[in-house]
Structures are given as structure tokens and as C-alpha cells.
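Here the structure is laid out as C-alpha cells; the discussion comes afterwards.
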Amino acid sequence: MKRTHTCGELRPESIGQTVTLAGWAQNIRDHGGVLFIDLRDRYGLTQINMDMDSPDVLALMKDVRAEWVLQVTGVVKGRGEENVNPKLATGEIEIRVDTFKVFSESLVVPFEIDEYSKVGEEHRMKYRYLDMRRPQMQKNLAARHRITHAIREVMNAEGFIDIETPILAKSTPEGARDYLVPSRVHHGHYYALPQSPQIFKQLCMVGGCDRYYQIARCFRDEDLRADRQPEFTQLDLEMSFADQEDVFAVTEKCMVAAFKAGIGKDITPPFPRMTHADAMNRFGCDKPDLRFGIELHEVCDLAAKSEFKVFKTVLESGGMVKGLAIPGGAEFSRRVMDTELLDVAKPYGAKGLAWVKITDEGYAGAPVKFFDQATLDALAARLGAKKGDVMAFVADKKSVVNASLAAIRNDLGHRLNLIDNNEFNLVWITEFPLFEWDAEDNRWASSHHPFTNVNPEDEKTLFTAELGADSELGNIRSSSYDLVLNGVELASGSVRIHDPKMQTRVFEILGISGEEAKERFGFFIDALKYGTPPHAGIAPGIDRLTAMMLGYDNIREVIAFPKNTRAICPMSEAPGTVSPRQLRDLGIREVEEK
RNA sequence: GCGGUAGUAGCUCAAUUGGUUAGAGUACCGGCCUGUCGAGCCGGGGGUCGAGGGUUCAAGUCCCUUCUACCGCGCCA
């Protein structure tokens, strides 16, 4: 036993006992004749001290420096009323050192291991093992553990079994770029790291496992964001003889338990629901932040009544005009409207932001002269704009209008302080379209993934629709759903196809030929033919869930060893080069960059 | 691939219009100190101002190129 207690547990009840603690020297306060060291481990801080009554030990302890690892044996003493430190859980006691041992010394650390110092993220990640000693990361990692543990408890209680699926898997068409692993025994053949265990979990259903879950690592070789890492973790689950309602119920149980365990927060199921079409119409995006109001309204009919050229041109070319009311926005300067808000919308393709202020004197703004009073009143009524507000419009093709106004809406939520940071607003978004037209590749693509079932009401259309760009395929709804938390996609799932004929039809629409389907997915399509139960599932992102609970936008905060935005691990410097021998074994020759 | 922001001491930052020897806090080193707890006081060391080029009597500051990090767009079934 290297210690009898941790640095966080001693209380006055132990006064008089001889104990042994071990930990890092956090802070050394040398007063000449008396010396204090805060000894730190995962559990807390305990003050140890020494004075001139043992000058030899004191002299030795004066050599100790920050972050040395010590073992200390001594007697637990009360501190006396004046010396109690109310900030420390162990603040009523201290350890009077009899003997101590230095387990290891430390170099001067590149940044301070405390709760106060700000440190740049680059440094934190390069020295993650030191960053992890700081209270912030200790807290984050512990919270993540509590969350996954709570989720496992729910899943186990609900009769799900944890099944591991391969990491060395097979590349599947559609979706993100794969991370590939070359095969040594089969030159020219590659494993793909799973983007998700999708096919395997469905095969578990075919295999009669009935309820599967896994806290699974997923890999996607795409560019990174604050909330996107090349490897990330999902609670992956799948249920047989289940539909959307069953998935929602069990996911809600997980979320309730996760929030309770993570941050002690009670959230109330069932979560509200909104169709994808509603979300797009009212908020311009499929992951609306419902912590605040402000809704988008289509105004094509009213815009058409104006002589405003921007609107007319867009409408004539098949575009649309939508607007929103900014409460109190009449106060906004021209700069805010024409520069700041426009800059928010620009990355999404908006070329301009038309706005009309409603002041005591009436309507004001560049477009006003192109409208008659009745139309302006009708616009204000449609948007719900009052005196003191400003109406903001974007005219463009539909996707640009929605994306731009959605971005502006989110900006306004922050700008106008409409957001309560303690609120966790969960909403189900349902009935996503089954397909989206991919203009770049000139083909239909799955909105969710190719194994998503059609909404039963649209099943007929699926089999009768033409395959062209303008066909009804774009209107077909799927049985898929997302769980959205405060404007962030937290989980995505669907009822799956269990009928091989349906699966074949979907592949056909996606332009995956029978031959290619056989080559890529033959095993899966074959499996469906051997008696497949109806099944459905979902996969909530653990990194995002944890980060959001703890108030971070950035999932690196809740990942022990994350990668930077260039997909490099700043600590290990992965990815690295390999020896020519390794490449030869794999049958790989590097080519010169152009 | 594109756009934005940033890069100055180990760390976090400041440096006015281009103008003296580039500063502060903290960390580090030394000294003093018997009750501190983000200890205090005194002293000290520490800089390729990301890199390269240019303009200028003079550049941390202006211009160009480039690198790095972060945020976003594209991308992410």
C-alpha cells in the first residue's frame, strides 16, 4: 500500500491518526521556519506541513518543487479555527509530516497546473498529460465517465446487450470518406474503419440479438470542426420488432439518465417533436435552437406585389423570399444590419439583406418606397413585427434563403441575449426526406443512409417515381429522425428497411447497380433474405452530448487525446511516416505529389 | 479548396500616429520570513516580436510571401 487515504478524504474525525498520502506537490509555501505543501491527487488537496521542530526533515522538504510526486506519512492534525481553509474539503485538517519520500521529480512544467491559469489550446494538447492534471480536464473526463456509465445502466436495464463490432471493416459507398487500412495478406485490398457500425448492428438484428448497443468509436475522414473529430464516439443502438416510438422512448430514458448523472439536471420526457418540413419552414434548418423564438415566414406573395427589383428578379427565377422580425431591431445601426448580420449570412450564399424598420414615424429602409402601405402592414403582420422591430428579408434560391436566415436567427439569439444557458432544449425532428438531389454528382443520394425505410405513407411513390432530377423522389419522406439539442444535431436514426425488395429499389434509385450492390453489400442483401425482423435504431453522439452538458462548443474538451483541426495529434504528432519495410509488406509504394 | 481571427518572455497578455534600452502578471532562480493556503517582501535571469523578403533615417507596428493555431464555408450517407 503506497497510501492509506487519498488527498480528498481526510476530515476532523481522523485527527490523531497516522496516515500515508501520495500525490503531486501542487503548491509550496515556504515561510522559512514553517513550510506548507498542498498535496494533490484526483480526489483533492491536502495540506501537509513541517516546521523547525524537525529541522532535518524541513530542510529536505524545502528542495521539493511543483509537480514532484511525493509519499508523505504523518499525523492528522486539526488546524485550529483561524487556520481552517473553507475552500478545501480537507481544509479543517493538515498532515504534520513525520517522513516523506520523493517518488519522482518533475521538470518545470510548461504551464501551471491549477484552476486559474489560462492556457492556449495548442499547449494543452501538446502536453495533454499535464493538462489532464488540471481541475478542468479532471472534471470533464469524470463527467464523461458518469454519462457513459449512466447510459450503460439504462441500456442494460432495458435488455440491450453490448456487442462489439469490427473496427477493421469494409468500405461502403455513400457517406463520408473512409479511413483505410491496407491489408498485408491481400495486397491491393483495404479495410475501412467504420463510419458507424450501421451494417453490423442491423446484422445483429437479423441474427436475433433483438436489442443491441455499443458505445462505439466511429471514423470519418472529413475536415474537422469544433464539434467534429476524425474519430468520435456514439451510443449506437438497434432494436428489433420496434418502431420510431420504441426508439424514442429508450433514447429519452438514456438522455434523462445522462443529464442526471452528468450535471445533476432533470430533463423531462417525452421531448417535443417537429417534422423536418416544419423545421425548415419555420426555422430554415433541420436543427433549430428552440431556446428562443423568432421564426421565419415565407412572403413570396407579398414580395410579388412590390416593385422591389431584388425580390422580383429572384421570384421570377423560381427563388423565394423569407423574412423574420428582429425584436427591438429598430435600434440596430446601419452597420449592424448591412455589415454584421449580412456577414453572418454571407457564408451561406446570401448576397444581401433587405430590411425595414418599424419606427414611430412608420416604415423606414431602402425597400420601403417599392411597397404600398397595405403590403408593408401585411408583411409586419405576417412576421409578427411590432413598432421598434426590424423586418429582415433574404431573397434567393430556397436553400440559400433558409440557410442564411437560420444563421441570422442563431446570431440574433446570442446578440439579443435570448438564450438561457442553463436550458437544455431537446426536440425530435421527424420525417426527413428519404433522398436529396446531389447536383454535383447529378444523382439522388440518401438523406440519412441507404438502409433507411420509407415513410409508410410514401411507400407507393417510392416504387412508381421516375428517377430524374425533378421527380417526386425529393418529396418522399423517410422514417428517419434526429434528436436536436439547443440547435445541435445530437443523434440520428431511422426505421430500417427489412424487405430485400425495398432495399434493392433504394439502391436502384441511388444508382447503385445490382452488380455493385452485390460486390459491396452482397452479404447484407443476402442476410435480409433470411428472415429479417423489422428494426429501428439511433446513434447519439457522446462527445457532443458531454460537451454541451458541460457548456462547451468544442468536443476536444471532453476527449482525452483529441486531434487538432488538421487531424494531427499535437502530442504524439500522429499521423507519422512508416519504414520502407512496412510499406513493402503492405505492397504500397508512395507517389510523388504533383 | 475558400474566408475570417490570431501569433511578442516558459505561460497569459500589453506596447498610442512607424520613433528612447519591447513591458506587465505569473512561472523560474537566489535571499528573507513560524500559519500560509492563487502566501508575502527584496533581488535576478529570461525575447530570432512565427519565418522570409520589402518600404523607410527608423518596423513588433506598414506592404508582399509563407508557416502555424483557432473559428466558419465547402465537405461531413
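Below, chains carry the letters A, B, ... as their sequence lines are ordered, and counting in each starts from 1.
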Would you say [X] places a side-chain N or O within less than 4.0 Å of OP1 or OP2 belonging to [N]?
X	N	result
A/N83	B/G35	no
A/R556	B/C71	yes
A/N554	B/C71	yes

N/O donor to acceptor pairs below 3.5 angstrom from side-chain atoms of residues 395-404 of chain A, sequence neighbours left out:
residue: A/D396; atom: OD2; partner: A/K351; partner atom: NZ; Å: 2.9
residue: A/N402; atom: OD1; partner: A/K322; partner atom: NZ; Å: 2.6
residue: A/S404; atom: OG; partner: A/V400; partner atom: O; Å: 2.7

message = Heavy-atom nearest nucleotide on RNA chain B for A/D223 versus A/D38: which residue maps closer to 5'?
response = A/D38

task = Give me the residues of residues 484-512 of chain A where at least one heavy atom lies under 4.0 Å from an atom of RNA chain B, by number, or none.
result =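 RNA chain B contact set from residues 484-512 of chain A: none.
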
When you compare the protein's N or O atoms with those of nucleotides 4-7 of chain B, which come within less than 3.5 Å of each other, and at what distance?
none

request  = Taking atom C1' in both B/C75 and B/C2, compute the distance separating them and give it to the nearest angstrom.
outcome  =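 Result for the C1' pair: 12 Å, nearest Å.
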
task = Provide the distance between the two C1' atoms, one in B/A27 and one in B/U12, to the nearest whole Å.
result =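 Here B/A27 and B/U12 have their C1' atoms 11 Å from each other.
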
ask   = Using 4.0 Å as the upper bound for N to carboxylate O, is an ion pair formed by A/R79 and A/E92?
value = no

task = Determine, for A/R217 against A/E231, whether the closest basic-nitrogen to carboxylate-oxygen distance falls under 4.0 angstrom.
result =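 Looking at A/E231 together with A/R217, the answer is yes, because their closest N to O distance falls below 4.0 Å.
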
note = With both pairing distances under 3.5 angstrom for Watson-Crick or G-U wobble, and | for a partner in another strand, the correct string for RNA chain B is (((((((..((((.....[...)))).(((((.......))))).....(((((..]....))))))))))))....

task = Could you tell me whether the side chains of A/Q47 and A/R29 share a donor-acceptor contact shorter than 3.5 Å?
result = yes

task = Would you state whether a donor and an acceptor, one from the side chain of A/E122 and one from the base of B/U68, lie under 3.5 Å apart?
result =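 Side chain to base: no pair below 3.5 Å.
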
Collect all protein-nucleotide pairs involving nucleotides 26-30 of chain B in which both atoms are nitrogen or oxygen and the distance is under 3.5 Å.
residue: B/U26; atom: O2'; partner: A/E112; partner atom: OE1; Å: 2.4
residue: B/U26; atom: O2'; partner: A/E112; partner atom: OE2; Å: 3.3
residue: B/C29; atom: OP1; partner: A/R65; partner atom: NE; Å: 3.1

task = Using the aromatic ring of A/F111 (for Trp, its six-membered ring), decide whether it stacks on the base of B/G10 within the limits of 5.5 Å and 30°.
result = no

query = Who passes salt bridge (Lys or Arg N to Asp or Glu O under 4.0 Å) against A/R11, sequence neighbours left out?
reply = none

